[in-house]
Number of protein chains: 2
Amino acid sequence: MFLVILIYVCCAAGLLWAILNAREVTSIELSASNPTNEKDVKCIDMMLKIGNKIENGAGAFLSQEYSIMSIFVVFFGAIVFVLVDWIGAKESNRGVSFYATIAFVVGSLTSMICGYIGMKIAVKSNFRTTFKAIDSLSEAFKTAFRAGCVMGFSMISLSLLILITLFEVYKNMFKPVANVADKQSWATLMELLAAYGLGGSCIALFGRVGGGIYTKAADVGADLVGKVEEGLDEDSPRNPATIADNVGDNVGDIAGMGADLFGSFAESTCAALVFVATTVQLIEPHDGKALYFPMLISAFGIVACILSSAFGIYGYEVNTFELVEKALKLQLMISTFLILLTVPVAALISLPEKWEISKRIVDQQERVKYANRTYACISVCMGLISGLIIGYSTDYYTSNAHAPVQEMANACSSGPAINIIYGLALGYNSTIVPVILLALTAIVSISLCGLFGVALAAIGMLSNLCVGLAIDAYGPISDNAGGIAEMSELGEDVRKKTDALDAAGNTTAAIGKGFAIGSAALVSLALYCAFVTRSRGTKDNSIKTVEIIDPYIFGSLLIGAMLPYAFSAMTMKSVGSAAQEMVIEVRRQFRDPRVKSGQVEPDYESCIRVSTQASLKEMIAPGLLVILTPIVFGVVLHPTLVAGLLPGALLSGVQLAISMSNTGGAWDNAKKYIESGKMIGADGMIKGKGTDEHKAAVTGDTVGDPLKDTSGPSLNILIKLMAIISLVFAGAFSRTAYLGKAIGVE
Amino acid sequence: MFLVILIYVCCAAGLLWAILNAREVTSIELSASNPTNEKDVKCIDMMLKIGNKIENGAGAFLSQEYSIMSIFVVFFGAIVFVLVDWIGAKESNRGVSFYATIAFVVGSLTSMICGYIGMKIAVKSNFRTTFKAIDSLSEAFKTAFRAGCVMGFSMISLSLLILITLFEVYKNMFKPVANVADKQSWATLMELLAAYGLGGSCIALFGRVGGGIYTKAADVGADLVGKVEEGLDEDSPRNPATIADNVGDNVGDIAGMGADLFGSFAESTCAALVFVATTVQLIEPHDGKALYFPMLISAFGIVACILSSAFGIYGYEVNTFELVEKALKLQLMISTFLILLTVPVAALISLPEKWEISKRIVDQQERVKYANRTYACISVCMGLISGLIIGYSTDYYTSNAHAPVQEMANACSSGPAINIIYGLALGYNSTIVPVILLALTAIVSISLCGLFGVALAAIGMLSNLCVGLAIDAYGPISDNAGGIAEMSELGEDVRKKTDALDAAGNTTAAIGKGFAIGSAALVSLALYCAFVTRSRGTKDNSIKTVEIIDPYIFGSLLIGAMLPYAFSAMTMKSVGSAAQEMVIEVRRQFRDPRVKSGQVEPDYESCIRVSTQASLKEMIAPGLLVILTPIVFGVVLHPTLVAGLLPGALLSGVQLAISMSNTGGAWDNAKKYIESGKMIGADGMIKGKGTDEHKAAVTGDTVGDPLKDTSGPSLNILIKLMAIISLVFAGAFSRTAYLGKAIGVE
């Protein structure tokens, strides 16, 4: 009981901190410092108007997206009910048990609420950040960062709060019995609870894919017609697609990414719970106290993040441009350090001293392997530190402060083709460090703690998520703030400040992306291990082996490895066709010459409508591919095939996701490097905007857009979602598998 | 004995057929039809001169490449001796047994000889094809196709001949005993013999990588300076890099590809022999007759291919442009059909009626699984037919007669970036069909015949290799013929004929590439299965499990899946830097204005030298990555880690190789589509050479060059070579594995 209260207290602290920051941000009143200066008044007026338009556009998209998602939740909830709560349940429970269905619906709703909160605070803070930037860099930074904190802390605290509540309620209703093989076991309860993570991830899929298509369709459309054809500036208010572009940042990079990481958080916790529940010595003699260990780490993580973000806001004055990036990176360092201190505490108050993880007969002697508290702590910390290093390696490959991007920028002098070749090679290269770290983390954590270890590593990697999310959300907010400054026709000095904020945001966004992929890989491995553990125990159609040389395993490994490619092809073509529709609409508006000259305000709303409809239409097919493939494989064929499908998708998906994100990020920053005038050509001249080098760099940037903001990040969800679907439906697979049964798959 | 003679007879027939064709080609004498016409005489003179230059350039490259390779063979031969023939052998044999070392050296030499023969006949036939094209399309086609046959038949017949001779000699010296666990078993002999395949594949690696870098450095250099900067035509004799470009076709596409497929052939046979040798009921009561089954299929394949190619040469008149492609595709169909008929014969005369493939206890009852002749035939045919379908699916995605490439060409109107996005998506999409076919082939063949099945499928896929290689070699030969026609300033009508030959060659080259990747995947799976089978039997440091959820397996799967990315990054950057050196050299020559005006002949040799040196330097690092990784993993760490590394590389490498090759091929053909004037823009105008659409297409083509001709095809060898290295060194791994032993890897 003490542990439950402790977790509740941490969540409450996180929520309070979020509310405090939200109040600070929203209490900023826009007023001209000199009300008699007409220009000031006009700018402020403009800011408010644009802020409003972005808020309305984002709201309109989310409400339409959420209504589609609600229909999906109802339908898929019915499938969950039939397959998990009906077919998967023991006979006496049929028709009266709704555990999985309810958990699924609650998870979906939580994900939507978190996305909504994030979007709301982002659209309320972006123009306020611009306003503050008129006077002070430090205040502007604080505004954007506080808004990020609102998103980070409210999301994690809320989801943990709901998860523990659901857990307690289910425990009291279900009354699980330890160490039994029947349907009343702790393990069964945890699997039903895992539907919470499933709900979150389903919403995240549509959020990431839909949001990703939205933002890139708007971006590419705005660039191709506004910038290239009509020669307008970036973020020019005369470009009809410019507001849609800004809305895109909020729905794609904030709501979509938030949902993604919420999914990772919920799933890693659920996976860890399944392992605790299936480890006899963890669940039985210890009163199930060990079940709270994963949640305690996250709870303590909230507190550690409060301390570090408070330091960032109150203890640190960001008054030069260089300090912005340092301040953000310092956040990650401090919170990581603080969490490292809390992990042993969590282990001490919730885990037994040691527990058995395997037993086998070697040379007629019994060999028992034990894990202990120290091992568990090492696994958690290993995840946490790998995550940090993966983030920094992403930074190295994508930031224009380092050699790889600068080399690529220099390659632009040989034309767009060479830029593309270098970029692809850079992306391929950037997989090396993260993949080796992930491999080491998996090897060490599983060797120490069994399959439980990899779930612990995933939780560790995600434990400073509050600060991670705050920094992630900070990026698009300051990007928007810059756009609003441009559109409100504020002076050069304001734009410089917002640019500095934005540049730092780009770097930390790269760190965040590396982190998101790394954690997705660990989470999905943990879920996969849980699925295999679970499916081996079932009586019918159980998985006998996951040996690579088994024909069904190998065949499905191959097909699984192909899925990320098929999925990426779909999403990339979707961006292409959505952008095409946007191009047509923008060109239509420019046929009225008064739009370009600024006499008539462009019809921003119709561009928002085009982007919204196109992206919502295009997100359906790739979404269904991801959701239906494992279900069809499991229900129609056999769980053994699912056991090959998942690692196949994981193995090739991780490489593809890392290389896509980094290639795209590097192209973007190579373009910025050239634009900032830092590139000197072979002839000794500065190669800036308008040169051939810049054009080559723009081509790279455009190719990279769908890679880094649509396909790449969506792959995270592909690998996680397929794994959690398999875990939740494992019981159903074992009772159906119709075709597999007929042809004798084993 | 009857079977041995039968195989010898087939090989002899193949060699005779190759010699016959070689004589037909080389007996063509170039003479002007009208010796008083000065222009004719001048053209013929020119043809001879250029043909000579290409021959000398290719010869110079090969001799330098081969001297580097010879050094490598000596060094690596020493490693093979120490690790396989010394550490891996039983104590009494140490110092006197050289089985593996000799097989390795013989394999290397065979591969070099085959590469040399292919190159030689190609450079002798290319200008003769041009000469024949002056008068007749049909004769020109026959010349190029006959030359291809020389390459295909001499290579396969020779390698089979040497393999069976080596096999017979080793059998008599080694005197293997059936069904024993000690070092005198059949299985051990077959592993030693597998070093033959290892030698072939090592040479192939350097051939593919070095040749690939050579050809693309020359191509990109020639295009960037000659075509783009100086505005010369493709293949203009005034371009200093043009001869190097033509040489590149011979050393990359002919010698490199030949070595690649020789490797596949040798490896798949060796893998099959290992399985036969480890299956008690195949080796023992049947006098080891079953060992000849894999070689019989290849031998009968030679005969079937002789029949179909003879029909192609004598029974079919290619007198219109459309018939060229049809004639080539018909070759594949006929030979496939004929081989299907011979497979049951081979099974009947060499295999027992049925044999046991597995035995296990289920519910206290023994369950035995048998394979039989029919199953073996099904596995072989499944491989053969899958290969054909994979080839045709590659054709669908890369030929401009079909929708995907046409769609991509249309995307060029939105600029190079959209072309690149569409191209990448197309490549990703094109993985679907081949991967599903490979998965099905693996599932069916292993289910029917155990792990032996997948080796059979690989042999089946490669059984019509004579014709496959002939068609593959036909492509670069007619490409060269076209270049020579241009350079000799022959008329438009001759160029049209060689263009038609070349276009058909492009299509069939795509088929060949799909086929090469598919067979590489099956071969490497077969080798992997042989490695696992072998490593499980050893006493020390054996592989206990290849379960995906084992930490060491999963960790090394991840790292393995990363290797193709690291390797591709290296090879792509190599092409970039080699091309850069070529650009500098060509620019240097153009500083003399008389070179461009044609008054002074450019210094072709110095371009050939630049390409040669740059490519030989750049091939070392990626080569060592592939060769050393499995050895270091096995010797220093543990064979279990190798057991994860290989399938990891296979799973991600196959997808990457297919998508790279097809993306590159599609871009190339989209450019050709636009150049041929078939593309109509939205404004109703034809978008041909010189338009923005064409420029966008050229950018795509340049990006695609290293993907389709260097990195993509080299990946084939990466996945095969790592697998055969592991198989040959399996014994050494089990006796070393120093670090793994220390930390207790299991």
Side-chain angles (χ1 to χ4, degrees), chain A residues 224 411 414-418 420-422 424-426 428-429 431-432 435-436 438-440 442-443 445-447 451 525 528-529 532 545-549 551-559 561-562 565-566 568-569 572-573 575-576 580 583 643 647-648 651-652 654-655 659 699 702-703 706, chain B residues 224 411 414-418 420-422 424-426 428-429 431-432 435-436 438-440 442-443 445-447 451 525 528-529 532 545-549 551-559 561-562 565-566 568-569 572-573 575-576 580 583 643 647-648 651-652 654-655 659 699 702-703 706:
Chain A
L224 278 183
S414 311
I418 305 292
I420 305 279
I421 293 176
Y422 265 79
L424 292 175
L426 180 146
Y428 295 157
N429 236 336
T431 57
I432 299 176
V435 168
I436 290 178
L438 287 173
L440 283 180
I443 291 176
S445 62
I446 301 182
S447 301
L451 299 179
L525 175 59
Y528 173 68
C529 293
V532 172
T545 176
V546 288
E547 288 215 317
I548 299 167
I549 52 173
Y552 295 102
I553 293 286
F554 185 81
S556 48
L557 272 171
L558 258 180
I559 293 178
M562 176 267 286
Y565 286 79
S568 300
M572 281 167 73
K573 284 190 107 175
V575 171
Q580 208 59 40
V583 164
L651 288 169
S652 88
V654 169
Q655 325 282 342
S659 62
T699 301
T702 312
V703 174
Chain B
L224 277 183
S414 310
I418 305 292
I420 305 279
I421 293 176
Y422 264 78
L424 291 174
L426 179 146
Y428 294 157
N429 238 335
T431 58
I432 299 176
V435 168
I436 291 178
L438 287 174
L440 283 180
I443 291 176
S445 62
I446 302 182
S447 302
L451 299 179
L525 176 59
Y528 173 69
C529 292
V532 172
T545 176
V546 287
E547 289 216 315
I548 299 166
I549 52 172
Y552 295 102
I553 294 285
F554 185 81
S556 47
L557 272 171
L558 258 180
I559 293 177
M562 174 267 284
Y565 286 80
S568 301
M572 282 167 73
K573 283 189 108 176
V575 171
Q580 207 61 39
V583 165
L651 288 169
S652 88
V654 169
Q655 326 281 340
S659 61
T699 301
T702 311
V703 174

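Source: prediction; values computed, not measured.
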Give me the atom names and distance for the closest heavy-atom approach of [X] to [Y].
X         : Y         : result
Thr545(B) : Glu547(A) : OG1-OE2, 3.9 Å
Ala569(B) : Ala425(A) : CB-O, 3.4 Å
Pro551(B) : Ser447(A) : CG-OG, 3.9 Å
Ala561(A) : Leu651(B) : CB-O, 4.0 Å
Ile549(A) : Cys529(B) : CG2-SG, 4.1 Å

Euclidean distance, [Y] [atom2] relative to [X] [atom1], rounded to 0.5 Å:
X         : Y         : atom1 : atom2 : result
Thr702(A) : Ile420(B) : OG1   : CD1   : 11.0 Å
Leu558(A) : Leu525(B) : CG    : CG    : 8.0 Å
Ile432(A) : Ile559(B) : CD1   : CD1   : 11.0 Å

Pick from Ile418(A), Val546(A), Asn429(A), Leu424(A): which one has the most heavy-atom pairs with chain B under 4.5 Å?
->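 Of the candidates given, the most pairs with chain B belong to Val546(A).
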Heavy-atom pairs under 4.5 Å with chain B are the metric here; pick the option from Leu557(A), Val575(A), Ile436(A) that has the most.
->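 With the most close heavy-atom pairs to chain B, the winner is Leu557(A).
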Tyr565(A) side chain reached by Val435(B) side chain, heavy atoms, under 4.5 Å |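 Counting from C-beta outward, Val435(B) and Tyr565(A) never come under 4.5 Å.
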Do Ile446(B) and Tyr552(A) come within less than 4.5 Å of each other through their side chains, counting heavy atoms only?
->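 Of all side-chain heavy-atom pairs linking Tyr552(A) with Ile446(B), none is under 4.5 Å.
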Does any heavy atom of chain B fall under 4.5 Å from the side chain of Ile553(A), the backbone, both, or neither of them?
->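 Looking at Ile553(A), just its side chain touches chain B.
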Heavy-atom distances under 4.5 Å only: say whether Ser659(A) touches chain B with side chain, backbone, both or neither.
->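 For Ser659(A), the side chain is the part near chain B, not the backbone.
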Toward chain A, the part of [X] with a non-hydrogen atom under 4.5 Å:
X         : result
Ala643(B) : backbone
Thr431(B) : both
Leu426(B) : neither
Leu451(B) : side chain

Just give me the residue among Thr699(B), Ile421(B), Leu440(B), Leu438(B) that pairs up with chain A most often, heavy atom to heavy atom, under 4.5 Å.
->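 The residue among Thr699(B), Ile421(B), Leu440(B), Leu438(B) with the greatest pair count is Ile421(B).
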Among the options Phe554(B), Tyr422(B), Tyr528(B), pick out the one with the most heavy-atom pairs lying under 4.5 Å from chain A.
->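 Among Phe554(B), Tyr422(B), Tyr528(B), the one with the most close pairs to chain A is Phe554(B).
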